[in-house]
Amino acid sequence: MTTPCLPARDSESIQHAADLLRGGGLVGMPTETVYGLAADAGNADAVARLYAAKGRPRFNPLIAHVTGPEMAARLVEIPKLARRLMDAFWPGPLTLVLPKKTDAPVCDLANAGLDTIALRAPAHPAAQALLRTLDRPLVAPSANPSGRISPTCAAHVLDELGERIEAVLDGGDCPVGLESTVIAVLGDTATLLRPGGLARDAIEPLTGPLASPGDTAAPASPGMLKSHYAPSAPVRLDAHEARAGEVLLGFGEIAGDLNLSATGDLAEAATGLFAALRKLDAMGAQAIAVAPIPDQGLGEAINDRLRRAAAPRDET
Ligand code: TXA
Ligand code: MG
C-alpha cells in the first residue's frame, strides 16, 4: 500500500494526521527547518518505533516540539535567559535544552533518560496546527534514515522512509533548509550544542558569547556524530574546481554543476543545501566536490553539515 501524502493546508489532513499520532503512528511533519518524523512524545511504543524506523541509536535523544512557552512549561523548568530566547525567537529554528520536570508528558526513551529535554516551537503553520489539535508535545527528529541527508520536501521523506511510516503531511519546501540551532541553557549560561538555522550573531546580543560544549557543565549533544548528513558519494571540501569523476557544488563565483547561490547569499545556500547534495548524488559521480563557503552567519551551520558529510564514514 502506498503511504498517504496529505496536503498540509487542509484541516481534514491535520485531523487525520492527529488521529494517526494519537493511535501511536509515525507521521512526516513539515517544519520551517527540515521535515520531522513525528510521534506522540508520551507514547513509549510509538517512540520505540520511531527510533527503529530511522535506525537511530537510542542514546541520541529527540527534540520535543511544542506550540510555545506555555506548552514548554509543562515539560521543563524555564530559566529567565531561556524565556528571553523563547520570546525573541519562537516560533522558529531555535531548540533549547532545559531541565526536565519530573511529571513531563515525555517518555524516558524520548530524551534517552537524561534529566534535560530539548524543545522547540516550530514556525510552520502545519506543525503548529497539528500541535494545537493534539495539545500534546510531539517528538520529531529529522525524517531521514540516521546518518543520511535531512529531507526538505515531502518526496524526500517518502523516498527514504515511506514504507515505515503512516503518512506524510506535504507542506511544501522547507524555507530554512537546515536543522534548528541547539542551545543548552543552564542557569544564566548558554552553550551552543549545534549550529543551525538561527545564526550565532542573532543570538549573542541576548546571551553574550555562546559557550562551547567542554567549556561548561552542559553535556555535548549526544547525537553529534562525526559522519552525518552523508550522501552516498564521498565529499571533498574547499574545492575550486572539479577533478576527474567529480561533480562540483558551487557557491558565488564558483559556478559548479549546481550553484548554492550565484550571488553568495548564505540564507539561499542554506535553503538549497540538502536538496543540492541529493541531486548531485543522483548524478552518480565518483565524488562531490564543494566550493568554499564563508564561515559567517548561516555559513557556520552550512560548514558544520558539510564537514560531517565529508567525514570518514567509519568514524561514526
Ligand atoms: O530543526 C530541527 O531541529 C529538526 C526539526 C524536525 O525540528 N529536528 C532535528 O532533530 O534536527 P534531530 O533529532 O535530527 O536532532 C536533535 C539534536 C541531536 O543532535 C540531539 O543529540 C540533540 O538535538 N538533543 C536532543 N535532546 C538533547 C538533550 N536533552 N541534550 C543535549 N542534546 C540533545
Ligand atoms: Mg537529524
Side-chain angles (χ1 to χ4, degrees), residues 26-39 41 47 50-51 53-66 75-77 89-100 104 106 108-124 126-128 130-131 137-152 156-157 160-161 168-169 171 174-186 190-198 213 216-230 270 274 301 304-305 308-309 316:
L26 305 180
V27 175
M29 170 175 81
T31 85
E32 72 282 19
T33 58
V34 300
Y35 274 70
L37 183 58
V47 176
L50 193 162
Y51 277 95
K54 274 186 61 89
R56 180 175 176 114
R58 286 183 176 210
F59 58 78
N60 187 2
L62 307 172
I63 296 174
H65 294 68
V66 294
L75 276 61
V76 291
E77 308 294 343
F89 300 116
W90 277 14
L94 175 67
T95 294
L96 296 169
V97 174
L98 298 171
K100 180 184 174 176
V106 172
D108 285 340
L109 190 53
N111 69 330
L114 300 172
D115 53 10
T116 53
I117 303 182
L119 67 177
R120 89 172 183 99
H124 197 290
Q128 279 286 334
L130 198 53
L131 289 163
L138 289 172
V139 283
S142 50
N144 50 282
S146 189
R148 305 306 297 272
I149 303 172
S150 299
T152 53
H156 296 165
V157 180
E160 292 186 321
L161 291 177
V168 61
L169 275 171
C174 300
V176 176
L178 292 175
E179 301 81 357
S180 61
T181 302
V182 181
I183 291 187
V185 180
L186 280 181
T191 305
L192 179 63
L193 300 183
R194 176 177 76 180
L198 182 67
T216 63
S221 242
M224 294 298 278
L225 304 176
K226 262 195 187 144
S227 166
H228 204 139
Y229 312 104
F274 289 147
D304 170 80
R305 303 304 186 268
R308 289 174 208 283
T316 62

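What you see below is based on every heavy atom in this structure, not just the backbone, and it leaves out hydrogens, waters and symmetry mates. Ligands are counted one by one from 1 in listed order, and the atoms in each one are counted from 1 as well.
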T116 to ligand 1: N or O pair under 3.5 Å? yes

Below the 3.5 angstrom mark, is there an N/O of Y35, backbone or side chain, next to an N/O of ligand 1?
no

Under 3.5 Å, is there a donor-acceptor pair between the side chain of T95 and the main chain of A118?
no

Per-atom filter on ligand 1: closer than 4.0 angstrom to a heavy atom of N60 are 18 (C), 20 (C), 21 (O)

The answer for which part of R56 has a heavy atom under 4.0 Å from ligand 1 is side chain

Under the side chain to side chain contact (heavy atoms under 4.5 Å, CB included) rule, what do V139 and Y51 come out as? Steps first, then yes or no, please.
CA-CA 11 Å; V139 283; Y51 277 95; over 6 Å; no

* Any N/O/S atom of N144 sitting less than 2.8 Å from the Mg ion (ligand 2), backbone or side chain? -> no

Judged by heavy atoms only, the candidate from L96, I63, L138, N144 nearest atom 16 (C) of ligand 1 is I63

Check: So, does R194 use its side chain to make a donor-acceptor pair with the main chain of S180 at under 3.5 Å?
Finding: yes

Looking only at heavy atoms, the pair that brings L130 and M29 closest together is CD2-SD, 4.0 Å

For R194, the ligand 1 atoms with a heavy-atom partner under 4.0 Å come out as 2 (C), 3 (O), 9 (C), 11 (O), 15 (O), 16 (C), 17 (C)

In ligand 1, the atoms that come under 4.0 Å of a heavy atom of T33 are 1 (O), 2 (C), 4 (C), 5 (C)

Side-chain (Y35) to main-chain (H156) donor-acceptor, under 3.5 angstrom: no

Are the side chain of S142 and the backbone N or O of N144 linked by a donor-acceptor pair below 3.5 Å? no

Closest to atom 9 (C) of ligand 1 by heavy-atom distance, out of A110, S142, P30, C174, is S142

Note: ligand 1 atoms sitting under 4.0 Å from heavy atoms of P141 are 10 (O), 12 (P), 13 (O)

Under 4.0 Å from one or more heavy atoms of L62, ligand 1 contributes atoms 25 (C), 26 (N)

message: Between R120 and T33, do the side chains contain a donor N or O and an acceptor N or O under 3.5 Å apart?
response: yes

Q) Does G196 offer a backbone N or O that forms a donor-acceptor pair with the side chain of D304 under 3.5 Å? A) no

Any heavy atom of M29 under 4.0 Å from ligand 1? The part involved is neither

Filtering A140, A127, G36, A112 for the heavy atom nearest atom 8 (N) of ligand 1 leaves A140

Short version for N111: what comes under 4.0 Å of ligand 1, heavy atoms counted, is neither

